Structures are given as structure tokens and as C-alpha cells.
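Order of the sequence lines sets the chain letters (A, B, ...), proteins ahead of strands, with each chain counted from 1. What you are looking at is a predicted structure, and each value in this text was computed from that prediction instead of being measured.
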Amino acid sequence: MTGAELEKARAEILALRREIDKYNYQYHVMDQPLIVDQLFDHLMRKLQELEKTYPELQDPDSPTRRVGGEALPTFTTLEHRIPMLGLENAFSETELTDFDARVRKLAGNDAVEYFCELKMDGLAVSLQYEHGLFTRGSTRGDGYRGEDITQNLRTIRQIPLRLTEPLDLEVRGEVYINRKDFDILNRQREDQGLPLFANPRNTAAGSLRQLDPRLAAARPLRIFLYGLGEHNLSLTGQSELLVRLEKLRLPVNPNREICLGIEAVWQYCQKWQGNRPKLPYETDGIVVKMNSLELQKQLGSTARSPRWAIAYKYPPEEKMTKILEIQVNVGSTGAITPVALLEPISLSGTSVQRASLHNEDFIAEKEIMIGDTVVVRKAGEIIPEILRVIREKRTGDEEVYMMPRQCPSCRSETVRLSGEAARRCLNPSCPALLVEKLVHFASRRAMDIEGMGPAMAELVYSHGLVHDVGDLFYLEAIQLAELPRVAAKSAEKLIEAIERSKNNPLRRLLFGLGIRLVGEKAARLLAERFITLERLGQAGTEELTALAEIGPKIAESVVSFLHTAETKPVLDKLREAGVNFTEPAVCTATANLAGKTFVFSGSLEQYSRDEAAARVENKGGKVSSSISRNTNYLVVGDEPGSKLARARELDVEIIKESRFKEMIE
DNA sequence: ATCCCTCGAGGTCA
DNA sequence: CTCGAGGGAT
């Protein structure tokens, strides 16, 4: 092969790629096919052949390489350098007006220029481009870290693998599926005898979580981009930003508008609420942002959401159905919760068959009877909720419901402690309660023992292998494999998972023990303060109450748990088995401030400068005494000095003590 | 009074 | 994935 030949091939390949990218864009983003499909396929085949002949000319951003690579064994997580926060919700005009009032107060008194766009009912994702090349993409996750779904995102034809400019940029948007495409997909599945999908949103979510990108490629995923993460574009307004994204050939929703003042926003909301069924995709509301990026920055964010934006949510669909029966569940705290079993109805795209009745006061207040016809809706489009009874529909066959006086599991008497809404089973050896405790102990946020879900917990308990969480650590694979429907392989895996869990930090153990009122937050606080379980055990209520955010109730609950007769044997078993009872001083998993430099100005309420500095360094960050371009955050306390102005000059992010506290915790 | 945590809830898809 | 009631802390 001569050099000239290679050069010729290179030129041809580049031209082909550019051409295909153009047609792709016209077809998938602009919805205006410029050429017939056969011609497009022909070009693709030609490119594929050329790339096969000249492997040295392969390129990861070639249109032939959208579906590449192997199925992943598992997803890895990616950190969002700038958190992907959710939005606060507004459910009425009043709540929008309240939002407007807050914004005007913070930004000055004029009518605010708002940027309104449709809220897509899909999944938020982040796309990273380096020098204009698509390198990484992830889900929103908890807002701070998401899953790396690069391979799947690459299969979405609307996402350019190369931008029209060589920019470093993180764009954020929503992946969704058109209603029509969803119907076609379901018809295909019907033909293939596969189970049908329930709605576009969950299908999109499931598709992005496919480990094999070829499966994701077969789903009709689409995307609209609407925001930025890290970037260095210079822009002044939200609407300008979207135009800029369009120029980069990123797909952007055209149904957007600038509205001057909140009345105009409300009209926009109503207009699109009316037009909702006409849209080719599903929307669940309107996103309202301040258009000025300058003002956005000025208003900043709270821990969970920006102050300069709100999501107006359309009122949820309501339907009538019948209560067939009322069931009671026993929770891991002994709380007995009634649940209504409903005649199945379809609501917001899913089938609804159950709804929580919370407690007996709820039932009494709504005057709910078995057999009643009730109005149901999905709160936030997710959780089924009973709104009210239609009394006119009563036939006289309805039955009054009484919460059971005896625990459905162990028959011991249920009681309602004064001041509590829940009726509880107080029998510490109630089977339902013990199984729930096992499940909680093994759950992901607690000891994270994979394979010990409700079914397995029930199995090992009912076969007498495990009576409390301490017994878990004495299980043997052989015992498990003898249980019905448990294979040798899964038995071994479970034993391994149990073994691994011995190394968990104390906070997970504390949380897992299921001490009343001690959730993740309190468990962590206690673990970090006392370091070992022994030292926590020596603490009295006064010492605990002295801690911020631990009051008398939590303190009492902790002390009584640790000293009650039932606890000791469990802790002995855990200790004997070699379960870790200490909290590691520096947790590398949370060393999330690596490479970040902090500067303080003004006095902090909760920490001395030294303490604050120690916390930052503990997490891998650095503290400096003067502001420079390299400073990542200025933490301002009471009466900040000249550093504040300097930080504004240099565009250093300014955070309050509360935000700082979150970062170091 | 307010903010935020705890706890229990449902449905879908992997 | 997400909500809502209850309740603790301040």
C-alpha cells in the first residue's frame, strides 16, 4: 500500500464521516431527512468497508462506532464536579407567585425575565465533551455521583460524537422516548412474545441501564439538552445558551419562551398544559428559570436545589377504583401499617393496585371502609395516594375496618403509645419484626449484604437458621444450599457477601441495628463522635444530648437499646464473629475534596478556623490564607473581610457556612 | 414555627 | 426512582 493511496483513503473517509454526520443530524435532530434511507445505508456500508480496509484510519468518533465495545460487567460511578441538583416543585399558581416574590426580593423588585421550557418526563443525564469529542456520559444519580453510561449514550443518534467546535464542555439534558416510538416498540415486543413495557419513562430508564450497549441501541431513545455543568462559554442568558447549544448541533427543545413577569409564566404553563396531549412526547410540567445567568449566580443554590428555578408540575391524573381489601404489614420497628388493596387501574402510565393508608387516624379521618369506591392519584406521578371516598357509591355492603388488636404475625397485643400515630407490636421476638430487622440490617445503605433480601431473610428465619442479625455471621454455605430454591452457587455468594460486610464502618452497623430514631444521619454522627461501639456504650444520655442534633428522645433510644437485655447477646455474637465495631478516622471514600482549595473569611459559627481547616484536610483538600485564581471556594462566615470582594473579582465560588458544612460531612 | 430526618410506602426494570 | 406522615431538634 502506498502512502498516496492511504492519503486518498483518509480523505475519502473523512468526507464520508462528515456527510453521514450531516444526514444524521438532519434526520435525527431536525426531523428532516435529506436523503432516502437506502442511500444513507449505502454510505454507511461504504464507510465501514473503508475503515475495515484501513484499520489505522479508525476513529472512536466515527458514525460507524456508535455501538461499540462489549457488555459491561457492571456500571462504574462518576462524580459530578458540579452537583446536578433537582428543582423545587410548584403545584399551583400560588406557589409560582410565592416563588416569584422570593426571587424578586433577592434580585431587586422589577418584573423578572423568566425562561420557560417544557419539563420532559424522562431521565436527567450529563454529557462530557473534551476538545469537542464526546468522552463520557452519566446518569444524575443522587446529584453528586451517577452511573457511567457512556456506551449507551453513544448509541443515541441525536447525540453528536463530535461538536461543531472543539470545546471542553459538560452539557445536561433529559433522555426520553416518543409516545409513537414507544407504541411501536411495544408492538414489536408483543410480536416477539416479550412482556410489554409500562410507560416511556421507565423504558428509557431501563434502556440506559442496559449493560450491553447493543440492547440500548435497539431502543428509540432521544434527548433534549437544556443546561450546562462545567464549561467556559461566555453567555449572559439561558435562552442564549440554548441557541448556542443548537449551534453546536445538540438537540434542543424548540418549545421555549421568555416570559416577562410571573403572569406570563402562568399563561405559558396553562397553554402547554392544554397542548400536552398534542406533543409527541410526555411532559410532566414546566421548568421556570431566571433568564439572566448573572442573576442565577447571584441567587445561588441551597443544598438541594437552585433558588433561581422552579418546576411547575401539572396536576396529577385522578381516577376512581374500589378498595378490595385492607392488609396490614409489620415494619422493622414493629409499626403496623395498613395498606389498601385496590381493583387495578391504570394511572399515569402504570398499574395501581395498592396504596398506603398510613395509620388508623388516616382511615378514620377519610372514613374509609372496605369495599368503598375511592379517588386515587399518583403523588408526584409516582406514589399512589387515596384522596377521598365517594360516599354516593356506597351500597351498604361496605365493612367498617378496625386495625387489628393483635399482631398479624405473632398474635401478641398491639398498642398505640401515647403521642404516636402508629399502632405497634411490642413483642421483641415477633417473627415478622425479626425478619424485617434482618432485611434492614442487610440492606444496601446499612451492611450491604447482597442476596439477603426479604425472601432469603424469611427463608433463613423460618428454617430456624437465624434468629437475630448476629446469627447471620455463623451461617454456612452448606446449610443454605439445603434450603428450598437455593443453589450452591448463590449460597456461596451470600456467604461471601456476609463475610465482606464485617469490614463495614461503625456507622453502617449502627444504622443496620435498627435503633429507633437512629437513621443514617444520626448513626453517622454517633459513629464519628465515639469512634468505637464500646465508647458509645459507655456514654450516658447527658453526654449524647450534648451533641448537636441529638436530643433527649434519640439519646434515650440509643442508651436503652444498648443496655436492654436482648441486645447484649447479639452484640456478643457480632464481636465474636469479628464484625468491625469502629469508625475509620479518615474514610477515603469520602475524600471528595481532593485537589480543592479553600479560603475562609469572617468567623464561622460552628467551627474554629483550625477545626474547619482540619476537616478540609481530612478530606484531601487544602486550605490557603489568601485568595487566588487557584482557590476553589471562599467560605464566608460572619463579617467577612476584603477577601469577599477579591473572590467576586476572580470569580471564585462563594459559599456559606451551611454549604461548607455539607461538603465536609 | 420551621426545618429536616426517619420510616414506610409502590411500581418498573435490571 | 419518589412521596408523605410523623416527629425530633432547634
Side-chain angles (χ1 to χ4, degrees), chain A residues 71-72 74-75 86 89 91 121-124 139-143 146-147 149 152 189 194-212 215-216 219 284 302-304 313 316 327-342 344-363 365 376-387 417-422 424 436 439-440 443 445-446 511 514-525 544-557 658 662:
Chain A
L72 301 168
T74 164
F75 288 116
N89 292 325
F91 296 97
D121 194 12
L123 268 105
T139 59
R140 189 175 90 96
D142 63 3
E147 280 178 325
I149 50 165
N152 291 337
R189 286 182 71 89
L194 295 167
L196 298 188
F197 290 124
N199 59 55
R201 189 208 134 89
N202 284 353
T203 311
S207 304
L208 285 181
R209 290 185 56 211
Q210 293 283 349
L211 290 166
D212 185 345
L215 294 176
R219 305 277 171 82
D284 56 354
T302 67
R304 55 183 54 183
K313 293 291 217 63
Q327 197 186 62
V328 282
N329 297 330
V330 184
S332 68
T333 59
I336 297 186
T337 315
V339 173
L341 303 188
L342 306 169
I345 42 157
S346 162
L347 205 56
S348 317
T350 63
S351 150
V352 171
Q353 320 189 44
R354 311 160 63 87
S356 176
L357 295 174
H358 304 293
N359 54 56
E360 50 199 318
D361 289 352
F362 183 92
I363 295 174
E365 193 204 303
V376 181
R377 74 165 175 200
K378 283 227 197 147
E381 310 263 297
I382 303 279
I383 309 289
E385 174 189 29
I386 291 182
L387 288 177
L417 300 176
S418 67
E420 284 195 343
R424 300 195 125 86
E436 288 291 329
V439 174
H440 171 76
S443 68
R445 309 186 82 100
F511 174 53
I515 306 167
R516 296 258 303 126
L517 306 181
V518 178
E520 272 183 296
K521 185 92 178 172
R524 185 157 154 190
L525 195 78
L544 293 175
T545 322
L547 293 174
E549 298 178 73
I550 301 289
K553 299 260 183 171
I554 295 182
E556 165 60 25
S557 171
S658 51
E662 290 156 24

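Helical stems in DNA chain B, defined as runs of 3 or more consecutive Watson-Crick or G-U wobble pairs with both donor-acceptor distances under 3.5 Å, are listed by first residue as B:1-10 with C:1-10.
Using a cut-off of 4.0 Å between Lys/Arg side-chain N and Asp/Glu carboxylate O, A:Glu420 and A:Lys553 are scored as not salt-bridged.
Residue contacts shown for A:Arg219 are limited to sugar-phosphate atoms, with no base heavy atom under 4.0 Å away. Using a 4.0 Å heavy-atom distance criterion, A:Ile550 is classed as a sugar-phosphate-only contact. If you check every strand for non-hydrogen atoms under 4.0 Å, A:Ala422 touches nothing. Counting non-hydrogen atoms under 4.0 angstrom, A:Phe197 reaches the backbone sugars and phosphates but no base.
Proximity of A:Thr337 to the phosphate of B:dA9: a side-chain N or O atom is located under 4.0 Å from OP1 or OP2. Under 4.0 angstrom from either OP1 or OP2 of B:dA14 there lies at least one side-chain N or O belonging to A:Gln210. Contact annotation: A:Ser332 side-chain N/O to B:dG8 OP1/OP2 distance is under 4.0 Å. Proximity of A:Thr333 to the phosphate of B:dG8: a side-chain N or O atom is located under 4.0 Å from OP1 or OP2.
For the side chain to side chain contact (heavy atoms under 4.5 Å, CB included) test, residues two or more places apart in sequence or in another chain that qualify with A:Phe362 are A:Leu357, A:His358, A:Asn359, A:Lys366, A:Ile368. A:Ala335 is linked by a side chain to side chain contact (heavy atoms under 4.5 Å, CB included) to A:Thr333, A:Ala422, A:Arg424, counting only residues two or more places apart in sequence or in another chain.
The side chain of A:Asn89 lies closest to C:dC3, out of B:dG10, C:dC3, B:dC13. For A:Asn359, the listed nucleotide lying nearest its side chain is C:dA5; candidates were C:dA5, C:dT2, C:dT10. When distances run from any side-chain atom of A:Lys521 to the nucleotides B:dT12, C:dA9, B:dC5, the shortest one goes to B:dC5. Picking from B:dA9, B:dT6, B:dC13 the nucleotide with the shortest atom distance to the side chain of A:Asn329 gives B:dA9. Ranking C:dG7, C:dG6, C:dC3 by closeness to the A:Ile383 side chain, first place goes to C:dC3. The side chain of A:Arg354 sits closest to B:dG11 out of B:dC7, B:dG11, B:dA9. The side chain of A:Pro552 lies closest to C:dA9, out of B:dT6, B:dG11, C:dA9. Nearest nucleotide to the A:Asn202 side chain, out of B:dT12, C:dG8, B:dA14: B:dT12. When distances run from any side-chain atom of A:Glu385 to the nucleotides B:dT6, C:dG4, C:dG7, the shortest one goes to C:dG4. Nearest nucleotide to the side chain of A:Glu549, out of C:dT10, B:dA9, B:dG8: C:dT10.
As a whole-Å value, the separation of A:Glu147 CD from B:dA14 P is 13 Å. Rounded to a whole Å, the NZ atom of A:Lys313 is 10 Å from the P atom of C:dG4. When rounded to the nearest whole Å, the span between CD1 of A:Ile363 and P of B:dA9 equals 13 Å. We find that NZ of A:Lys378 is positioned 11 Å from C1' of C:dC1, with the value rounded to whole Å. Put simply, CG on A:Leu357 is 11 Å from P on B:dA9, counting in whole angstrom units. Straight-line distance from the CD1 atom of A:Ile554 to the P atom of B:dT6: 7 Å, rounded to whole Å. One can place CD1 of A:Ile149 at 14 Å from P of B:dA14, the figure rounded to the nearest angstrom. Distance CG (A:Leu525) to C1' (B:dC5): 12 Å, rounded to an integer number of Å.
Contact record, A:Asn152 with A:Ala216: OD1-CB, 3.3 Å, taken as the closest heavy-atom pair. In terms of heavy-atom proximity, A:Arg201 sits nearest to A:Gly122 at NH1-O, 3.0 Å. Between A:Gly551 and A:Thr545, the closest heavy-atom pair is C-CG2, 4.0 Å.
The structure places CD1 of A:Ile383 at 12.5 Å from CZ of A:Arg377, a figure rounded to the nearest 0.5 Å. How far CZ of A:Phe511 is from CZ of A:Arg445: 7.0 Å, rounded to the nearest 0.5 Å.
Heavy-atom nearest nucleotides on DNA chain B were determined for A:Gly334 and for A:Ser351, and the one closer to the 5' end corresponds to A:Gly334.
Side chain of A:Ser351 to backbone of A:Pro344: no donor-acceptor contact under 3.5 angstrom is found.
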